[in-house]
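Not measured: the values here are computed from a predicted model.
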Amino acid sequence: MNQDLFEAELGSRILEQIHEGMTAVDREGDELGKVVQVFMGASSERAEEEGEGAATAPDIDVGDEDSFVEDLAEAIAPVDQMPEVLRERLLRHGFIRIDTGLFSEDLYAMPDQIARITTDRVILRVSADELIKP
């Protein structure tokens, strides 16, 4: 099994244990906010055919792959607010979106940034400054 596929499977297992409403804390134990979205990861049909797709990609007919990816990107952040490289990485590997409060931007954590999960908490292996912001 290649390393990318192995990491994708591990990321999928981590994300499957997380649900909306869990509290997210950084590596120092500081509370960042609540998980408001869990996205398991997806990829275009072309990427799947080339063996580059996410392990959790849905088995659905997505039609035009470019519009599918664009629609997914719009769901996580406006196009003009997040660099394409980051957006594509989130879409492929999956993420959790953390609501940090009324006057703050949401944060996005990828599976490899998650250290462990308890009953009601997601403990990250990074600080808030290392998370993706739109």
Side-chain angles (χ1 to χ4, degrees):
M1 173 183 299
N2 76 30
Q3 186 67 25
D4 289 337
L5 184 57
F6 178 73
E7 289 174 3
E9 287 180 18
L10 285 178
S12 172
R13 288 187 201 143
I14 288 171
L15 292 175
E16 288 173 355
Q17 299 174 49
I18 300 171
H19 58 82
E20 292 178 9
M22 294 178 85
T23 301
V25 297
D26 69 9
R27 69 174 164 217
E28 288 84 25
D30 295 329
E31 190 172 308
L32 301 176
K34 299 285 184 187
V35 174
V36 293
Q37 182 180 14
V38 180
F39 184 79
M40 298 301 291
S43 62
S44 68
E45 186 175 328
R46 188 186 86 238
E48 287 295 319
E49 289 173 1
E50 294 174 1
E52 299 173 355
T56 59
D59 291 326
I60 58 172
D61 179 18
V62 297
D64 179 28
E65 68 188 50
D66 291 331
S67 66
F68 175 67
V69 171
E70 289 170 7
D71 290 344
L72 286 173
E74 282 294 322
I76 63 170
V79 174
D80 60 346
Q81 291 185 0
M82 185 175 287
E84 185 176 343
V85 171
L86 291 177
R87 191 172 59 242
E88 288 179 7
R89 189 170 173 219
L90 288 171
L91 292 172
R92 170 170 270 173
H93 297 285
F95 62 87
I96 61 171
R97 183 166 56 104
I98 304 163
D99 179 0
T100 58
L102 187 59
F103 298 108
S104 302
E105 291 182 313
D106 290 348
L107 300 172
Y108 296 84
M110 295 185 53
D112 64 346
Q113 294 175 310
I114 299 168
R116 66 186 190 280
I117 293 109
T118 66
T119 317
D120 60 348
R121 290 185 171 247
V122 178
I123 296 103
L124 302 175
R125 66 177 73 244
V126 297
S127 67
D129 293 337
E130 297 173 81
L131 297 174
I132 298 171
K133 300 166 190 76

What heavy-atom pair brings [X] and [Y] nearest, and what distance separates the two atoms?
X	Y	value
Ala115	Arg125	CA-NH2, 3.6 Å
Ile98	Ala24	CD1-CB, 3.7 Å
Asp26	Ser127	CB-CA, 4.0 Å
Ile14	Pro111	CD1-O, 4.0 Å

Can you get from [X] to [Y] by hopping between Ile, Leu, Val, Met, Phe, Trp and Tyr side chains that sit under 4.5 Å apart?
X	Y	value
Val25	Ile18	no
Leu131	Val35	yes
Met40	Val122	yes
Leu124	Ile117	yes
Ile123	Met110	no

[atom1] of [X] to [atom2] of [Y]: how many Å apart, nearest 0.5 Å?
X	Y	atom1	atom2	value
Glu84	Leu91	CD	CG	10.0 Å
Asp99	Leu32	CG	CG	11.5 Å
Ile132	Arg87	CD1	CZ	12.0 Å
Glu88	His93	CD	NE2	10.5 Å
Gln17	Thr119	CD	OG1	11.0 Å

Legend entry - Reference residue Thr23; test side-chain hydrogen bond (donor to acceptor under 3.5 Å, both in side chains); the match among Lys34, Glu31, Arg121: Lys34
Inset, instruction - Please answer whether the main-chain N or O of Glu130 pairs with a side-chain N or O of Gln113 as donor and acceptor at a distance below 3.5 Å. - result: yes
Inset, instruction - Answer yes or no: is there a donor N or O on one side and an acceptor on the other, between the side chain of Thr100 and the main chain of Glu105, under 3.5 Å? - result: yes
Legend entry - Within 6.0 Å of CZ in Arg116, more than 12 heavy atoms from elsewhere: no
Inset, instruction - Could you tell me how the ring of Phe39 sits relative to the ring of Phe95: parallel (under 30°), tilted (30 to 60°) or perpendicular (over 60°)? - result: parallel
Inset, instruction - Test Ile96 against Gln37 for side-chain contact (heavy atoms from CB on, under 4.5 Å), laying out the working first. - result: CA-CA 6 Å; Ile96 61 171; Gln37 182 180 14; over 6 Å; no
